[in-house]
Amino acid sequence: MDPPSPARPIERLPEYVERVLETVAEIPAGRVVTYGQLARLLGSGGARTVGTVLARYGSDVPWWRVVRAGGHPPSGLQLPAREQYLREGTPLLGTGLGEYRIDMSRARWDPNDAG
DNA sequence: CATTTGACTGCGT
DNA sequence: AACGCAGCCAAAT
């Protein structure tokens with residue numbers, strides 16, 4: 001086959017990373033899951049692991065649909081995330097531009113539940 | 001191979 | 001409500 005790639009053509013992502021990205025891509029618009037919830041769905045890793053994966057590889061998936069346990073959007077991305085929530089009609093609580101929270105009781109998505 | 005690094009979490013103060 | 005903190009675990013260094 002081809003000789004060992006010299007520079008860095010197409011780096012293959014670690015299997016765990018691909019599984020995280022695939023699952024995030026399935027979260028319906030207007031719904032969210034928490035980092036810890038996602039880790040449990042995958043059956044491995046933890047909340048921080050998922051967060052680290054999204055930080056590094058999440059730019060091409062709906063990363064704003066993965067939020068913190070308390071309903072807070074990802075650290076440092078509250079503004080860009082908020083635009084998406086408004087656009088998708090995700091139920092929010094609170095008023096501040098950077099102090100709002102997702103209404104988890106309404107927005108939480110559970111793939112094992114009704115879709 | 002050993003250590004450090006996080007878009008986190010739950011509990012205590 | 002706001003901190004601090006130990007536990008977490010795959011990836012990156």
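Every heavy atom of this structure was used, including side-chain atoms; hydrogens, water molecules and symmetry mates were not. Given the structure is predicted, the values throughout are model-derived calculations rather than measurements. We name chains A, B, ... by the order of the sequence lines, and we start the count at 1 in each one.
Atoms CZ and CD1, on A/R31 and A/I102 in that order, are 12.0 Å from each other to the nearest 0.5 Å.
For the OP1/OP2 pair of C/dG7 and a distance below 4.0 Å, the side-chain nitrogens and oxygens of A/R48 include no atom meeting the criterion.
Here the C1' atom of nucleotide C/dA10 and the CG atom of A/L54 are 13 Å apart, to the nearest Å. Note: CD (A/E15) to C1' (C/dA11) measures 14 Å, nearest angstrom. Straight-line distance from the CZ atom of A/R68 to the P atom of C/dA2: 12 Å, rounded to whole Å. Nucleotide C/dA11 holds its P atom 11 Å from the CD atom of A/E18, rounded to whole Å. Atom NE2 of A/H72 is separated from atom C1' of C/dA2 by 11 Å (rounded to the nearest Å). C/dC8 atom P lies 19 Å from atom CG of A/L42, rounded to whole Å. A/R12 places its CZ atom 18 Å from the P atom of C/dA10, with the value rounded to the nearest Å. Spacing between atom CG of A/L13 and atom P of C/dA10 amounts to 17 Å, rounded to whole angstrom units.
Between A/G45 and A/Y57, the residue whose closest nucleotide on DNA chain C is further toward the 5' end is A/G45.
Nearest approach of A/L38 to A/V33, heavy atoms of both residues: CB-CG2, 4.2 Å. Of all the heavy atoms in A/A25 and A/P62, the pair that sits closest is CA-CD, 4.2 Å.
Where DNA chain B meets chain A (any atom under 4.0 Å from a heavy atom), the bounding nucleotides read 5' to 3' are B/dG6 to B/dG10.
A/T52 comes within contact range of at least one nucleobase, with a heavy-atom separation under 4.0 Å. Within 4.0 Å of A/Y35, counting heavy atoms only, lies at least one base atom of the nucleic acid. Within the 4.0 angstrom heavy-atom criterion, only backbone atoms of the sugar-phosphate kind lie near A/G36; the bases stay farther away.
The backbone N or O of A/S44 lies less than 3.5 Å from a partner atom in the side chain of A/Y16, making a donor-acceptor pair. No donor-acceptor distance shorter than 3.5 angstrom exists from the side chain of A/Y100 to the backbone of A/P73, with no hydrogens or angles considered.
More than 12 heavy atoms of other shown residues, nucleotides or ligands fall within 6.0 angstrom of atom CZ in A/R87. Atom CZ of A/R40 sits in a sparse spot, with 12 or fewer heavy atoms from other residues, nucleotides or ligands closer than 6.0 Å.
Of the candidates C/dC9, C/dA12, C/dC8, the closest approach to any side-chain atom of A/T49 belongs to C/dC9.
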